[in-house]
> 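Please read through the structure below; I'll follow up with questions.
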Amino acid sequence: MTRQSRLHIPVSSARPGERPDFSYLQVSPAGAVARPSIDAEAGSIQDLAHTLIRVLDETHHAVGPWDPALSADVLRSGLRYMLLTRLFDNRMLKSQRQGKISFYVQSTGEEAVAVAGTMALNTGDMLFPSYRQQGAFLVRGSSMVDLMCQLLSNTRDMCKGRQLPVCYFSVAGNIAAISANLATQFPQAVGWAMAAAIKSSDDVAVSWTGEGSTAEADFHQAVLFASVYRAPVILNVVNNQWAISTFQGFAGGECLSFAARGPGYGLASLRVDGNDFLAVHAATTWAAARARAGVGATLIELVTYRAGAHSTSDDPARYRPVDEHRSWPLGDPIERLKQHLMVLGEWSEDRHAKLTEELEADINAAWKEAVSYGTQSEGPRLNTDLMFDDVYKDLPPNLLLQRDQLRKMRS
Amino acid sequence: MPVKSYREAITETLRQEMRRDKRVILMGEDIVGGMGGSSGVFEAAGGTFGVTAGLAAEFGRNRVIDTSITESAIVGAAGGAALTGLRPVAELMFIDFIGVCLDQILNQQAKFRYMFGGRCTVPVTIRTLMGAGYGAGPQHSASLHGMLASIAGIKVVTPSNAYDAKGLLATAIRDDDPVIFCEHKFLYGESCEVPDGEYLIPFGEANVTREGNQVTIVAFSRMVLLANKVADKLAKEGISVEVIDPRTASPLDKDSILESVEKTGRLVVIDEGGPYCGMASEIASLAACEAFESLKAPVQKITPPHTPVPASAELEQEWIPSLAKIERAVRATLSANL
């Protein structure tokens with residue numbers, strides 16, 4: 001037999017029209033993974049990059065050492081934020097389809113990632129999300145009207161009409177502006193964390209990026225800095241299996257997990273069931289405590305599934321089975337937390353239906369208010385002079401001149 | 001002659017060049033766009049704008065290569081593959097992403113031939129999307145052809161219509177130097193007559209899209225469409241406007257521009273790149289340096305302001321050079337006299 005080199009092209013497990021196949025996914029039973037002390041040596045806990053931290057079992061009970069033992073109130077709050085995120089997404093998607101907003105990105109199926117992650121942190125911790133962590137904004141108290149006005153690019157848009165819809169920020173909520181380009185927030189989060197360490201502050205920085213984005217150099221360089229300087233930072237890789245049309249194999253996920261990138265750089269790394277609210281909360285709590293204690297950074301892979309399209313610009317039916325999300329072995333994060341609360345006797349179908357109704361009413365009221373500040377076609381208009389502000393701290397003479405020229409054109 | 005869109009012309013050229021030369025391979029994010037359906041009912045998406053649709057099915061996934069999301073590796077690997085004699089066509093989803101792979105262009109491919117004592121050839125084509133108008137905001141809408149044209153060692157192409165896109169892309173792929181091929185997002189749907197057969201349009205040869213003798217407009221990429229519209233409108237008033245589309249920002253067909261300016265004595269330059277250190281400044285400088293005595297009026301530059309591209313439709317439409325601005329500039333140059 002002659003042996004020769006050949007190009008390996010990753011192939012996803014199922015094409016459109018085929019039966020979904022998630023046999024590639026390595027899943028540990030709930031409660032099976034040990035929880036080390038927060039100051040464990042990174043080298044001694046490398047197995048955590050390969051196993052899967054899970055708390056909720058098949059009967060919806062919380063089991064094992066990672067159970068964060070949260071109160072029913074906190075669990076209900078988590079359920080509320082996840083449900084709100086999903087309903088908000090549904091409504092905004094509809095608004096995009098109606099032509100009211102130009103572009104939208106849903107987080108359907110992966111709400112626990114941002115909601116549980118953010119709820120496990122202190123309010124002073126700085127967040128550097130990607131464009132699929134809208135749940136973090138809701139948890140940190142951004143008003144839906146403010147988020148909607150950004151989507152509408154209207155007179156109340158926090159970005160003053162300049163940024164792509166979904167690129168929110170929150171000054172009060174300590175959330176950095178979202179970049180439309182990928183993985184750029186990772187080195188920024190590490191730098192913020194290094195500064196926190198320099199200032200001996202108790203705050204940590206937390207960032208999220210998709211598994212597809214881990215291919216960018218920024219990811220690797222950020223992980224290296226986080227490790228070298230033991231920066232108080234949590235670097236989350238949201239492995240939702242799909243980067244637009246390319247499955248996670250194209251980001252290098254065929255052989256080893258994304259969490260497994262961490263130990264190579266000397267970083268503590270956890271692989272976590274991203275659809276298990278309790279597991280995400282517990283892993284984030286562990287990593288935050290480790291960072292605050294000066295032990296260093298943690299890389300967390302959150303294994304989840306992007307149930308919706310990448311954005312309103314692509315059609316998943318072209319590249320994967322349309323019903324693939326229904327076969328996802330880790331289920332749906334909202335349904336799982338809901339079932340857990342019901343098993344605890346702390347929730348019911350009736351309360352869930354009422355909550356849904358209440359949140360939908362809130363969203364509709366917020367939308368009504370948001371559109372009153374202008375839409376793409378109706379209502380108050382944005383002052384187009386805004387394009388000249390904030391390029392520099394002070395408006396330089398050349399921009400003043402260009403602004404005046406445009407004003408003249410208008411009149 | 002068949003009428004084809006800019007998008008169709010590009011797809012057709014890629015197909016023809018790949019059939020013609022096995023060394024041509026494509027690399028980029030989502031360019032296959034999935035595998036399509038096993039039943040054959042679903043076709044793979046073929047990129048975010050569908051430009052590479054159908055090519056993986058014909059040429060296989062070894063020649064139409066979906067990549068990880070890493071522009072530095074896509075462009076860097078294209079350079080490495082080119083050194084072996086392949087003719088890679090790398091796709092950069094948006095020209096703004098040049099930020100993360102610029103070193104492979106600026107310090108590597110542009111200088112390979114020079115640094116290797118002339119003993120290597122770098123036949124890389126980087127296809128990329130430029131331009132505003134889609135509400136894509138400051139990080140996905142830039143026009144950086146002028147900035148790239150300032151780099152010695154690479155060629156920069158800015159086709160303004162489907163016919164040119166086909167002939168220029170074939171030339172780019174067959175060229176032995178690195179070429180950055182800037183497709184304007186807003187032109188994909190624009191159609192014109194495009195022959196089915198292969199043809200080449202040489203680099204550095206401008207296209208005179210409207211002949212005239214009172215004022216010269218030099219415009220790049222989508223701005224050529226706007227210039228043509230203004231020329232047609234003014235022609236009805238008896239104003240004779242010549243429109244020149246250089247087609248390549250580098251090399252630049254200076255002779256055609258100078259010849260026209262010598263004839264008309266009046267020059268308006270329209271570019272979607274910025275007002276500083278870009279193609280508009282370059283053309284204005286050319287006229288000032290080499291056709292000064294022919295100029296009857298100051299050169300007018302119509303560009304966006306020196307700001308990032310805003311996302312909101314209202315702001316973006318004011319940001320982009322408009323028909324009204326161009327018309328005003330043409331009238332202003334006609335009424336001015338040095």
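Please read all numbers here as calculations on a predicted model, not as lab measurements. Reminder, nothing fancy here: chain letters follow the sequence lines and each chain counts from 1.
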> Would you find more than 12 non-hydrogen atoms of other residues, nucleotides or ligands less than 6.0 Å from A:F388 atom CZ?
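Enclosed.
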> Compare every heavy atom of A:S245 with every heavy atom of B:G33, then report the nearest pair and how far apart it is.
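Where B:G33 meets A:S245 most closely, the heavy atoms are CA-OG, 3.1 Å.
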> Restricting to non-hydrogen atoms, name the atom on A:A243 and the atom on B:I69 that form the minimum distance, rounded to 0.1 Å.
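Shortest heavy-atom separation between A:A243 and B:I69 comes out as CB-CD1, 3.7 Å.
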> side-chain contact (heavy atoms from CB on, under 4.5 Å) for A:N398 and B:Y276? Distances and angles first, verdict last.
CA-CA 10 Å; A:N398 63 313; B:Y276 294 111; 3.1 Å; yes
> Top residue by heavy-atom pair count (under 4.5 Å) with chain B, among A:E216, A:K160, A:R162, A:H8?
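Ranked by heavy-atom pairs under 4.5 Å with chain B, first place is A:E216.
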> Taking heavy atoms only and a threshold strictly under 4.5 Å, list by residue number the residues of residues 402-411 of chain A that touch chain B; give 'none' if the list is empty.
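Only A:Q402, A:L406, A:K408, A:M409, A:R410 of residues 402-411 of chain A have a heavy atom under 4.5 Å from chain B.
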> Return the option, out of A:G161, A:S179, A:S153, with the maximum number of heavy-atom pairs under 4.5 Å with chain B.
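Of the candidates given, the most pairs with chain B belong to A:G161.
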> For B:P305 and A:M387, which heavy atoms make the closest approach, and how far apart are they?
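Smallest heavy-atom distance, with atoms named: CG-SD, 4.0 Å.
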> Check each atom of B:H306 against the heavy atoms of chain A and say whether the ones under 4.5 Å are side chain, backbone, both or neither.
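Both backbone and side chain.
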> To the nearest 0.5 Å, tell me how far B:Q139 CD sits from A:N181 CG.
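Here the interatomic distance stands at 4.5 Å.
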> By a 4.5 Å heavy-atom criterion (distance strictly below it), what part of B:Q317 contacts chain A: side chain, backbone, both, or neither?
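It is neither, since no heavy atom gets under 4.5 Å.
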> Considering all heavy atoms of both residues, which atom of B:E314 and which atom of A:T384 are nearest to each other, and what is their separation?
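Scanning both residues, the minimum pair turns out to be O-CG2, 3.7 Å.
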> So which part of A:L7 gets closer than 4.5 Å to some heavy atom of chain B, the side chain, the backbone, both or neither?
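Its backbone and side chain both get close to chain B.
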> Which bit of B:Y134 is near chain A, if near means a heavy-atom gap under 4.5 Å: side chain, backbone, both or neither?
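It is neither, since no heavy atom gets under 4.5 Å.
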> For A:L382, is it the side chain, the backbone, both, or neither that has a heavy atom closer than 4.5 Å to a heavy atom of chain B?
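A:L382 touches chain B through backbone and side-chain heavy atoms alike.
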> Is there a donor-acceptor contact under 3.5 Å linking the side chains of B:D66 and A:T246?
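Absent: no donor and acceptor within the cut-off.
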> Please report the interatomic distance CD(A:E211) to OG(B:S68), rounded to the nearest 0.5 Å.
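One gets 10.5 Å once the value is rounded to the nearest 0.5 Å.
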> Which residues in residues 86-105 of chain B have any heavy atom lying under 4.5 Å from a heavy atom of chain A?
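Those residues of residues 86-105 of chain B which have a heavy atom under 4.5 Å from chain A are B:M93, B:F97, B:V100.
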> Can you say whether A:Y392 sits under 4.5 Å from chain B via the side chain, the backbone, both, or neither, judging by heavy atoms?
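Looking at A:Y392, just its side chain touches chain B.
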> Only pairs of heavy atoms separated by less than 4.5 Å count here; which of A:R320, A:R381, A:Q376 has the most with chain B?
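The answer is A:R381.
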> Need one label for A:P10: side chain, backbone, both or neither, based on atoms under 4.5 Å from any heavy atom in chain B.
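The backbone, not the side chain.
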> Let me know if A:D390 has heavy atoms under 4.5 Å from chain B in its side chain, its backbone, both or neither.
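When you check distances to chain B, no heavy atom of A:D390 falls under 4.5 Å.
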> Who wins among A:N154, A:L401, A:L164 for the most heavy-atom pairs under 4.5 Å with chain B?
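Result: the option with the highest number of such pairs is A:L164.
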> One pair to check against side-chain contact (heavy atoms from CB on, under 4.5 Å): A:F250 and B:T67. What are the steps and the verdict?
CA-CA 6 Å; A:F250 279 97; B:T67 65; over 6 Å; no
> If you tally heavy-atom pairs under 4.5 Å against chain B, which of A:V391, A:I244, A:D314 wins?
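That would be A:I244.
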